[in-house]
Each structure stands twice: as C-alpha cells, then as structure tokens.
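Just so we're on the same page: letters track the sequence lines, and every chain starts at 1. What you see below is based on every heavy atom in this structure, not just the backbone, and it leaves out hydrogens, waters and symmetry mates. From a predicted model like this one, the values you see are computed outputs, not experimental measurements.
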There are 2 protein chains.
Amino acid sequence: MAKSTISLDEIDRRILRALQQDGRIAVTLLAEQVGLSATPCLRRIRRMEEAGVIARYTAVVDPTRVGLPIQAFVQVALSSHAEEVAAAFHRALEARSEVVAAYAMSGGMDYMLHVVASDFEAYAEFALKALLRMPGVKETRSSFVLMALKPPGAVPI
Amino acid sequence: MAKSTISLDEIDRRILRALQQDGRIAVTLLAEQVGLSATPCLRRIRRMEEAGVIARYTAVVDPTRVGLPIQAFVQVALSSHAEEVAAAFHRALEARSEVVAAYAMSGGMDYMLHVVASDFEAYAEFALKALLRMPGVKETRSSFVLMALKPPGAVPI
DNA sequence: CCTGAAATTGCCGCTAA
DNA sequence: TTAGCGGCAATTTCAGG
C-alpha cells in the first residue's frame, strides 16, 4: 500500500471488476474468467494490493438490516481553517463510528459526512452533542436519505 | 437475500465486524476469533448472507489509483416528482457507471449522487451532457472532493 | 503439477422450550 | 420430543510454491 498510479492492462482491469463484484471469488475461478492460470493471476492481485489499487476487502453490510435505518449526509463548515483546528476536527471524526465516510470538500461547505444512526434520537444526539461540539465546527446542514437508489458500488474500470 | 431485520447476537456481530475489516478472512480463522468452530461459523455467515445483512463482498478499489482522481457529490433537484419521471431518472442513473452511489434525499434537493471521473473534462461532460439532460432534472449543484478523510468504511455494529 | 490448508457437508450430541 | 445450535470427521476444492 503505497505510491501513485501503476499501469493496469486489460487483464488487471478484468480482475478488478471481478473482485469488486465478488470479493471472495476463488482465485482459481477468477483466473479462468480472465483467461489466465491461477499463479499469474494471484501475482497480479498481490501486485495491485501492494500498490494500493486494492485497498482492502470487505463484506458490505446493509445498515438497514442491522438496526441502523437512518442515514444522513451532513455538510459541515468550520469557523477556522488553521491546521491545528482542522486536525483536531479530523481526529474527532475518526473517533465517531457513526461517521462511515468523511470528505474535505471544495465550495461553500468544508466537509461532507456520511452518517448512520439507529433512529432520529440517536442521530440528534450525534448532531447536537457530538458534531456541533467538535473543534472548529461553525455550521452543519443535514439531509436524510429516503432511499438508497444505488448503494455504494463498483468503481468503473 | 430478502426479508426484514433478523436478530443478531453478539457472535453474529463479531463475525460482521471481522468480515467488514477483512472480507477475505478464512472462515477457520474467523471462527477462532469469535470463539466457534468453523461449521457453525459458516452457517451463521450463510444465514446473514441470505437475510441480506451481508449484501455482498467486494474489493475496495482506490479510485485515485486507477485513473479516477476526481470525485464529486452532486445534489440534484427534479422539476417533476411524477412517478414516471422519477423512474426514468433512476434508470438513467443506473446506466451511468460514473455514478458510484445515488440516494433519494429529504430536504431541498431530491437526490445526492457520488460521482467519479478521470479529470475535469470528463466530469464536465458527465454533468453537462448526461446529468442535466436526464429526465426531469431541474437543477444540480456539484461539490468536489478535495480529500477523503475517512474513506467509506465499516458500519458500526 | 503437488502438497498442505480451507471450505463444505453429513452426521451426531447437547440443551432448552 | 423437537427445534436449534455446536462440533467432529470425511470429502472436495483452493492457495501458493
């Protein structure tokens, strides 16, 4: 896991597509699909893992099935952009597991957060007690997910 | 993969945590970690897969390493909320692989899209030629990702 | 292609309602 | 007693050299 872009040929891309579609596919089967034998196929996978192209493997858990039916996107503006304030805010985000993704953004608001919660009460607790009290937070704007039309999926390769 | 919420005990949750952390972990090892033998552990995994708790397994590909360094969140408002218009819009979204995630939202804007692109030109092409011409689209507002602080990660269980 | 390890399945035993 | 759950052991398939 390091460095910049490495070059990928068509076979690498096929491997990535297959692994995005099924992260637990057997290497043997995958090799067959991409027209390789298992050994070189595995070598390519390892190479992409080490280059950070494949960041990790994960089971995609449906939040609505595990008691987390509330999802929100929250835009956050900081009052200060001093490095120290930003760093403290980042640490505060790291510590909250409700925040499943966080991005620094261009434009009016400084951050975009993706948050899950078990109910509105839990969400309110997070928004009012945790988020608004994080270092430097000036303003937040929450929008709730009504329906996931296209759940986080594969990157086009 | 169907139905509503099934009940999960502490062992199920441990399994989910481990599988979110490493989607390719060997069942044998996982079983050991959660204090079971492989057979019941695998049975629980299968049960959660079938219940849709585990939606799928995937390799997490870093878009910046595969030539897709531009990411944006786009809010979209439709001019009509007629079911037919919305359905056509949903289909149009499905067809665009740049759209890696899409949600119907509460509040001012109707949708939130997560979009990846190879460069600003490609993004502009998508935004102007594709998105703005999708059925019913009235207004869009794009914000670009400057940095992923917390890349899409595990749901807290 | 080969060897050890893992996944999977059948079968049995235990426990609680 | 029966439904549910866990474990052992045998078999098939896979990972990695």
Side-chain angles (χ1 to χ4, degrees), chain A residues 1-3 6-68 118 153-155 157, chain B residues 1-62 65-66 153-157:
Chain A
M1 27 15 197
K3 280 126 289 183
I6 64 172
S7 72
L8 304 175
D9 63 17
E10 178 53 27
I11 292 180
D12 290 321
R13 283 189 286 272
R14 270 187 243 162
I15 292 173
L16 288 177
R17 277 183 228 120
L19 282 174
Q20 284 193 101
Q21 188 166 73
D22 177 5
R24 282 190 80 107
I25 188 174
V27 175
T28 318
L29 185 56
L30 173 54
E32 200 175 296
Q33 285 182 18
V34 303
L36 235 48
S37 70
T39 304
C41 183
L42 187 59
R43 239 198 319 268
R44 283 166 182 264
I45 294 172
R46 292 284 174 269
R47 171 170 159 269
M48 293 192 283
E49 288 169 358
E50 269 156 37
V53 171
I54 299 173
R56 63 202 185 88
Y57 298 90
T58 191
V60 179
V61 173
D62 181 347
T64 67
R65 305 285 171 94
V66 294
L68 296 166
S118 55
V155 160
I157 306 191
Chain B
M1 23 26 189
K3 284 129 286 187
S4 53
T5 313
I6 63 170
S7 72
L8 303 174
D9 63 17
E10 179 53 27
I11 293 180
D12 290 320
R13 282 189 286 270
R14 270 188 243 160
I15 291 173
L16 288 177
R17 277 183 227 119
L19 282 174
Q20 285 193 101
Q21 189 167 72
D22 177 4
R24 283 190 79 108
I25 188 175
V27 174
T28 320
L29 184 56
L30 173 55
E32 201 175 295
Q33 285 182 18
V34 303
L36 279 180
S37 72
T39 305
C41 184
L42 185 60
R43 261 204 298 265
R44 282 163 180 265
I45 294 172
R46 293 283 176 268
R47 172 170 158 271
M48 292 192 282
E49 289 169 357
E50 270 159 35
V53 171
I54 298 173
R56 63 202 186 89
Y57 298 90
T58 191
V60 178
V61 172
D62 181 348
R65 304 286 171 93
V66 293
V155 160
I157 308 193

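An OP1 or OP2 oxygen of C:dT8 is reached within less than 4.0 angstrom by a side-chain nitrogen or oxygen of B:Arg46.
Summarising the geometry of B:Ala59 relative to A:Ile54, their closest heavy-atom pair is CB-CG2, 4.1 Å, with the distance given to 0.1 Å. Closest approach of B:Gln20 to B:Ile157, counting heavy atoms only: NE2-CD1, 3.6 Å. A pairwise comparison of heavy atoms in A:Cys41 and A:Ile15 identifies SG-CD1, 4.1 Å as the closest pair. The minimum heavy-atom distance linking A:Tyr57 with A:Gly23 is given by the pair CD2-O, 3.8 Å. Minimum heavy-atom separation, A:Val61 to B:Val155: O-CG2, 4.2 Å. Taking all atoms of both residues into account, the shortest heavy-atom contact from B:Arg47 to B:Ser7 is NH2-O, 2.8 Å.
With B:Arg44 as reference, B:Asp12 is the one residue of B:Leu30, B:Val34, B:Thr39, B:Asp12 to meet the side chain to side chain contact (heavy atoms under 4.5 Å, CB included) rule.
At a threshold of 4.0 angstrom between heavy atoms, the contacts of B:Arg44 are confined to the sugar-phosphate backbone, with no base atom among them. Within 4.0 Å of B:Arg47, counting heavy atoms only, lies no atom of the nucleic acid at all.
The bend of the helix from C:dC1-D:dG17 to C:dA17-D:dT1, defined by the angle between the axes of its first five and last five pairs, stands at 20° to the nearest 10°.
Few gaps surround CD on A:Gln33; more than 12 heavy atoms of other groups in view lie less than 6.0 Å from it.
The CG atom of A:Leu8 lies 11.5 Å from the CZ atom of B:Arg65; values are rounded to the nearest 0.5 Å. In this structure, CD1 in B:Ile45 is found 9.0 Å from CG in B:Leu16, a value given to the nearest 0.5 Å.
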Pairwise N/O distances under 3.5 Å, protein to nucleotides 15-17 of chain C:
none

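Listed by residue number, A:Ala26, A:Val27, A:Thr28 are the residues of residues 17-30 of chain A with a heavy-atom contact under 4.0 Å to DNA chain D. Contact check of residues 32-40 of chain A against DNA chain D (heavy atom, cut-off under 4.0 Å) returns A:Thr39.
Residues passing the side chain to side chain donor-acceptor pair (under 3.5 Å) test with A:Thr64 are A:Asp62, sequence neighbours excluded.
The salt bridge (Lys or Arg N to Asp or Glu O under 4.0 Å) contacts involving residues 14-35 of chain A comprise A:Glu10-A:Arg14, A:Glu10-A:Arg17, where partners must be two or more places apart or lie in separate chains.
D:dG7 atom P lies 9 Å from atom CZ of B:Arg43, rounded to whole Å. The separation between A:Tyr57 atom OH and D:dA15 atom C1' is 13 Å, rounded to whole Å. Rounded to an integer number of Å, the gap from CG of A:Leu42 to P of D:dC14 is 14 Å.
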Inset, instruction - Before giving the answer on side chain to side chain contact (heavy atoms under 4.5 Å, CB included), spell out for B:Arg46 and B:Glu49 the whole-Å C-alpha distance, their side-chain angles and the decisive distance to 0.1 Å. - result: CA-CA 5 Å; B:Arg46 293 283 176 268; B:Glu49 289 169 357; 3.1 Å; yes
